[in-house]
**Student:** 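Take this structure first; my questions come after.
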Amino acid sequence: MRIFLLIATNMAILLVASIVMSLLGVNTSTMGGLLVFAAIFGFGGAFLSLAISKWMAKKTMGCEVITTPRDNTERWLVETVARQAEQAGIKMPEVAIYQSEELNAFATGPSKDKALVAVSSGLLYGMSQDEIEGVLAHEVSHVANGDMVTLTLIQGVVNTFVIFAARVVAGIINNFVSSNDEEGEGLGMFAYMGVVFVLDMLFGILASMIVAYFSRIREFKADEGAAKLAGKDKMIAALERLRQGPATGAMPAQMSALGINGKKSMSELMMSHPPLEKRIAALRAS
């Protein structure tokens with residue numbers, strides 16, 4: 001189901017972008033046309049993903065939105081999010097639970113007033129109320145800071161750069177080969193597309209580092225916001241508990257950047273979240 005949803009989303013993005021290009025009469029043979037093409041696909045994909053982010057999260061993670069609390073724990077969860085949302089000056093987000101043993105939570109949605117805050121069952125029943133309050137405050141801070149929209153804009157910019165730069169560089173290589181080719185045919189269509197594909201991959205790695213950098217910054221800011229909403233001690237206690245909990249891994253790749261506890265990587269440059277030790281140290285020093 002997760003793979004099907006991902007493929008369907010990408011197909012929808014391609015369809016919408018193609019229709020927009022057709023209506024605008026974009027000519028990709030010119031530099032200006034290529035830039036418009038890159039922007040349509042770069043920003044179009046990012047904003048379409050944002051628009052359906054809450055729906056995708058519910059389907060991908062199997063989130064059960066709490067409409068009527070079934071027990072005191074769920075009632076406390078909803079009341080805590082409501083109190084923190086009021087403190088942060090945003091509308092009440094939807095509150096949901098998804099089944100997973102890992103200690104994790106995430107916030108998503110197209111805007112501050114149409115957000116979703118979800119926690120794993122492992123976190124809800126495996127952490128103390130003070131620790132959970134710290135986690136919830138972190139997620140509410142993400143919503144209040146408008147982090148979903150900010151990261152979408154950043155993703156749109158880097159997507160546009162990757163698409164545009166890959167095709168410009170491939171064109172330069174094609175012209176160079178053509179000028180040294182007696183028949184002047186250049187790379188040929190398949191060779192050209194192969195070069196574009198490789199460059200997309202290489203520039204994509206650089207773009208991922210840029211997005212990850214801004215993502216790490218937003219995590220520090222959300223921790224600071226949580227300290228104001230719930231108290232510094234509760235946020236530090238939550239992060240300390242996350243260090244001791246089960247390793248993350250239940251979230252699919254496209255969702256992991258949204259979690260309070262991100263996936264680890266061989267290089268911090270590729271991590272969407274700073275190491276928990278650094279986050280704890282930053283809070284203690286503030």
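Predicted model, so just to flag it, every value in this text is computed and none were measured.
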**Student:** Compare all side-chain heavy atoms of Lys232 with those of Ser286 and state whether any distance is below 4.5 angstrom.
**Tutor:**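 Side-chain contact under 4.5 Å: yes.
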
**Student:** Using side-chain contact (heavy atoms from CB on, under 4.5 Å), reason through Arg218 and Thr150 one step at a time and then give a plain yes or no.
**Tutor:** CA-CA 9 Å; Arg218 73 168 196 152; Thr150 300; over 6 Å; no

**Student:** Compare all side-chain heavy atoms of Glu277 with those of Leu239 and state whether any distance is below 4.5 angstrom.
**Tutor:**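 No, side chains not in contact.
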
**Student:** I would like to know whether Val157 and Phe43 meet side-chain contact (heavy atoms from CB on, under 4.5 Å); could you show each step before the answer?
**Tutor:** CA-CA 7 Å; Val157 171; Phe43 280 97; 3.6 Å; yes

**Student:** What's the separation between atom OG in Ser121 and atom CG in Asn104, rounded to the nearest 0.5 Å?
**Tutor:**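 These two atoms lie 11.5 Å from each other.
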
**Student:** Rounded to the nearest 0.5 Å, what's the gap from OG1 on Thr108 to CG on Asp147? Could you check?
**Tutor:** 11.0 Å

**Student:** Could you point out which residue of Leu123, Leu124, Asp130 forms a side-chain contact (heavy atoms from CB on, under 4.5 Å) with Met127?
**Tutor:**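 In the set Leu123, Leu124, Asp130, the residue that makes a side-chain contact (heavy atoms from CB on, under 4.5 Å) with Met127 is Leu123.
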
**Student:** So, for Ala115 and Met148, which heavy atoms are closest and what is the spacing to 0.1 Å?
**Tutor:** CB-CE, 4.5 Å

**Student:** Identify the two heavy atoms, one from Glu74 and one from Thr68, that lie closest to each other, and give their separation to 0.1 Å.
**Tutor:**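 Scanning both residues, the minimum pair turns out to be OE1-O, 4.4 Å.
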
**Student:** Indicate every side-chain donor-acceptor pair of residues 86-96 with a distance under 3.5 Å to a residue at least two apart or in another chain.
**Tutor:**
| unit_1 | atom_1 | unit_2 | atom_2 | d |
| --- | --- | --- | --- | --- |
| Glu94 | OE1 | Lys54 | NZ | 3.1 |
| Glu94 | OE1 | Lys58 | NZ | 3.0 |
| Glu94 | OE2 | Lys58 | NZ | 3.3 |

**Student:** Which pair of heavy atoms, one from Arg241 and one from Gly126, lies closest together, and at what distance?
**Tutor:** NH2-O, 3.2 Å

**Student:** Could you state whether Phe161 and Val195 fall into the same hydrophobic cluster, counting links through intermediate Ile, Leu, Val, Met, Phe, Trp or Tyr residues with side-chain heavy atoms under 4.5 angstrom apart?
**Tutor:** yes

**Student:** Please determine whether residues Tyr213 and Val158 belong to a single hydrophobic cluster, defined as Ile, Leu, Val, Met, Phe, Trp and Tyr linked transitively by side-chain heavy-atom distances below 4.5 Å.
**Tutor:**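 Result: yes, single cluster for both.
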
**Student:** Considering only distance and modelled atom types, tabulate donor-acceptor pairs under 3.5 Å from the side chains of residues 31-40, sequence neighbours left out.
**Tutor:**
none

**Student:** Do the side chains of Trp76 and Val119 join up, straight or via other hydrophobic residues, at under 4.5 Å, putting them in one cluster?
**Tutor:** yes

**Student:** Do Phe47 and Leu153 have side chains that get closer than 4.5 Å, going by heavy atoms?
**Tutor:**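 Contact flag for Phe47/Leu153 side chains = yes.
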
**Student:** In Å and rounded to the nearest 0.5 Å, what is the CZ to CG distance from Arg279 to Leu242?
**Tutor:**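 Between Arg279 CZ and Leu242 CG, I get 7.5 Å after rounding to 0.5 Å.
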
**Student:** Just verifying a value: how many Å separate Met209 CE and Met270 CE, rounded to the nearest 0.5 Å?
**Tutor:**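 Those atoms lie 5.5 Å apart.
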
**Student:** If I compare all heavy atoms of Phe106 with all of Ala57, which pair ends up nearest, and what's the gap?
**Tutor:**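 Minimum heavy-atom contact is CE1-CB, 3.8 Å.
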
**Student:** Is the backbone of Glu102 close enough, under 3.5 Å, to the side chain of Ser120 for a donor and an acceptor to pair up by distance?
**Tutor:**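 Present.
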
**Student:** In the structure I gave you, are the side-chain heavy atoms of Glu64 and Gln99 within less than 4.5 Å of one another anywhere?
**Tutor:** yes

**Student:** Any idea which heavy atoms bring Ala107 and Val143 closest together, and the distance?
**Tutor:** CB-CG2, 3.8 Å

**Student:** To the nearest 0.5 Å, how far apart are CD in Gln129 and NZ in Lys234?
**Tutor:** 9.0 Å

**Student:** If I take atom NZ from residue Lys112 and atom NZ from residue Lys114, how far apart are they, to the nearest 0.5 angstrom?
**Tutor:** 15.0 Å

**Student:** Would you find a donor on one side and an acceptor on the other, under 3.5 Å apart, between the side chain of Ser141 and the backbone of Ala226?
**Tutor:**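 Yes; at least one donor-acceptor contact below 3.5 Å.
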
**Student:** Starting from the C-alpha separation in whole Å, work towards a yes-or-no answer on salt bridge (charged side-chain N to carboxylate O under 4.0 Å, His left out) for Glu133 and Arg83.
**Tutor:** CA-CA 11 Å; Glu133 194 173 338; Arg83 184 181 72 253; 3.0 Å; yes

**Student:** Is there a side-chain contact (heavy atoms from CB on, under 4.5 Å) between Glu219 and Met271? Walk through the geometry before answering.
**Tutor:** CA-CA 11 Å; Glu219 290 302 321; Met271 293 172 61; over 6 Å; no

**Student:** Using a strict threshold of under 4.0 Å (side-chain N to carboxylate O), is an ion pair present between Glu240 and Arg243?
**Tutor:**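 Glu240 and Arg243: salt-bridged.
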
**Student:** Between Ser53 (side chain only) and Leu50 (backbone N and O only), is there a donor and an acceptor less than 3.5 Å apart?
**Tutor:**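 Checking the backbone N and O of Leu50 against the side chain of Ser53, a donor-acceptor pair under 3.5 Å is found.
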
**Student:** Apply the test side-chain contact (heavy atoms from CB on, under 4.5 Å) to residues Leu103 and Val135: give CA-CA distance (whole Å), side-chain angles for both, the deciding distance (0.1 Å), then the verdict.
**Tutor:** CA-CA 10 Å; Leu103 307 181; Val135 170; over 6 Å; no

**Student:** For Leu136 and Gln84, which heavy atoms make the closest approach, and how far apart are they?
**Tutor:** C-OE1, 3.2 Å

**Student:** In terms of the angle between their ring planes, are His138 and His142 parallel, tilted or perpendicular, with boundaries placed at 30° and 60°?
**Tutor:** perpendicular

**Student:** Please say yes or no: joined through hydrophobic side-chain contacts below 4.5 Å, possibly via intermediate residues, are Tyr125 and Val78 part of one cluster?
**Tutor:**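 Tyr125 and Val78: one cluster.
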
